[in-house]
Amino acid sequence: MFSDELKTFRRLGFRHFLLQILNFASVIASGLMLWKGLGLILNTESPIVVVLSGSMEPAFYRGDLLFLTNPPGQRYHTGDITVYRIPGAEIPIVHRVLETRDVFIPFDNSTENRIVNNRLAKLKLPPGEHQLMLTKGDNNHVDDIDLYQGLEWLDRRHIIGKVRGFLPYIGYVTIAMNDFPQLKYALLGGLGLLAVIQRE
């Protein structure tokens with residue numbers, strides 16, 4: 001099946017094979033640099049995410065590709081669609097802001113400070129002003145408190161970004177590769193063979 005490709009590898013030699021690996025590695029490194037650079041510019045750890053569930057239908061469907069920004073001084077408002085991640089959770093969640101609340105944590109150890117800190121102790125907020133958020137999926141019947149792993153509110157630290165645009169269904173490639181890892185390896189192998197064939 002791959003006899004022609006193996007003959008090509010033998011004919012071209014080991015140095016050519018190493019050159020192909022180096023070319024492939026440079027393509028991967030360029031993609032990662034572009035990803036990280038875009039993340040720095042947009043102030044988000046993940047400038048592009050894929051919707052993995054139907055919890056935001058009809059606004060977004062499974063497989064939609066979302067573009068995010070998270071400017072440092074930006075406030076979130078009721079109705080904004082955010083992507084957030086709770087510490088310890090692997091997959092980010094795309095849901096709409098249902099309610100916001102501003103709190104001020106005093107700098108001294110007054111009675112007011114102890115009351116506020118007891119109520120928000122799990123968030124471990126430093127002194128100062130903070131915006132807290134409660135979210136909900138458009139297609140869900142209840143808010144996300146059960147998803148927060150013991151927290152009552154989200155803080156800005158949990159927010160990856162605000163949705164600024166989307167491309168419908170483009171992310172199904174990512175979903176398919178996660179659901180069927182063999183597809184991912186076949187795609188990488190195919191790209192490698194394609195690079196070798198194009199060099200001839």
Side-chain angles (χ1 to χ4, degrees), residues 24 27-72 74-101 122-124 131-192:
F24 185 70
V27 168
I28 298 293
S30 297
L32 287 173
M33 287 189 314
L34 181 65
W35 177 266
K36 287 298 182 184
L38 194 58
L40 284 172
I41 292 168
L42 300 175
N43 192 41
T44 177
E45 68 183 65
S46 183
I48 300 171
V49 296
V50 175
V51 177
L52 298 177
S53 75
S55 66
M56 277 302 291
E57 293 178 5
F60 301 118
Y61 292 90
R62 191 169 193 258
D64 288 354
L65 195 68
L66 307 179
F67 301 98
L68 311 177
T69 63
N70 193 18
Q74 174 183 355
R75 293 186 54 77
Y76 287 86
H77 305 285
T78 300
D80 287 345
I81 299 173
T82 62
V83 177
Y84 68 88
R85 179 178 297 149
I86 299 298
E90 189 175 320
I91 298 172
I93 298 170
V94 181
H95 280 175
R96 192 179 301 274
V97 175
L98 186 64
E99 183 182 342
T100 65
R101 182 170 293 175
K122 290 182 182 176
L123 282 174
K124 297 178 181 162
Q131 183 182 29
L132 305 179
M133 288 161 269
L134 178 66
T135 58
K136 176 185 172 296
D138 289 358
N139 201 22
N140 293 349
H141 298 293
V142 295
D143 59 37
D144 293 347
I145 288 179
D146 289 342
L147 299 176
Y148 296 167
Q149 298 184 6
L151 301 177
E152 292 182 30
W153 297 88
L154 294 178
D155 180 38
R156 281 294 298 258
R157 295 170 296 175
H158 302 118
I159 304 296
I160 295 173
K162 178 180 177 179
V163 176
R164 297 296 186 172
F166 76 103
L167 290 173
Y169 306 116
I170 301 295
Y172 263 114
V173 174
T174 302
I175 292 173
M177 285 194 291
N178 284 337
D179 290 349
F180 306 103
Q182 303 86 352
L183 181 64
K184 187 187 311 182
Y185 300 126
L187 183 64
L188 287 174
L191 288 174

Distance, nearest 0.5 Å, that separates CG of N140 from CD of E57: 10.5 Å

Heavy-atom side-chain contact between I81 and F60 under 4.5 Å: yes

Under the salt bridge (Lys or Arg N to Asp or Glu O under 4.0 Å) test, residues paired with R157 that sit two or more places apart: D155

Spatial distance of atom CG (L134) from atom CG (D144) [nearest 0.5 Å]: 7.0 Å

Backbone N/O of G79 and side chain of R96: donor-acceptor pair under 3.5 Å: yes

Heavy-atom side-chain contact between D64 and Y169 under 4.5 Å: yes

Between CG on residue D80 and CD1 on residue I159, distance to nearest 0.5 Å: 10.0 Å

Side chain to side chain, H158 and P87, heavy atoms closer than 4.5 Å: yes

Any P47 side-chain heavy atom under 4.5 Å of F67 side chain: no

Contact summary for R62 and L52, nearest pair of heavy atoms: NE-O, 3.0 Å

Value rounded to 0.5 Å, distance of NZ in K162 from OH in Y76: 7.5 Å

Atom pair CD1 (I145) and CD (E152), whose distance is rounded to the nearest 0.5 Å: 6.5 Å

Contacts of Y148 that satisfy ring pair (Phe, Tyr, Trp, His ring centres under 6.0 Å) - sequence neighbours left out: Y84

Short side-chain to backbone donor-acceptor contact, T44 and I160, under 3.5 Å: yes

E99: partners by side-chain hydrogen bond (donor to acceptor under 3.5 Å, both in side chains), with sequence neighbours left out: R101

Stepwise side-chain hydrogen bond (donor to acceptor under 3.5 Å, both in side chains) check, N139 with Y61: CA-CA 10 Å; N139 201 22; Y61 292 90; over 6 Å; no

Reported CE-to-CZ distance for the pair M133 and R156, which is rounded to 0.5 angstrom: 6.0 Å

Considering all heavy atoms, the nearest V51-S53 contact: CG1-O, 3.2 Å

4.5 Å side-chain heavy-atom contact, L68 and V163: yes

Any T135 side-chain heavy atom under 4.5 Å of L98 side chain: no

Any M56 side-chain heavy atom under 4.5 Å of H95 side chain: yes

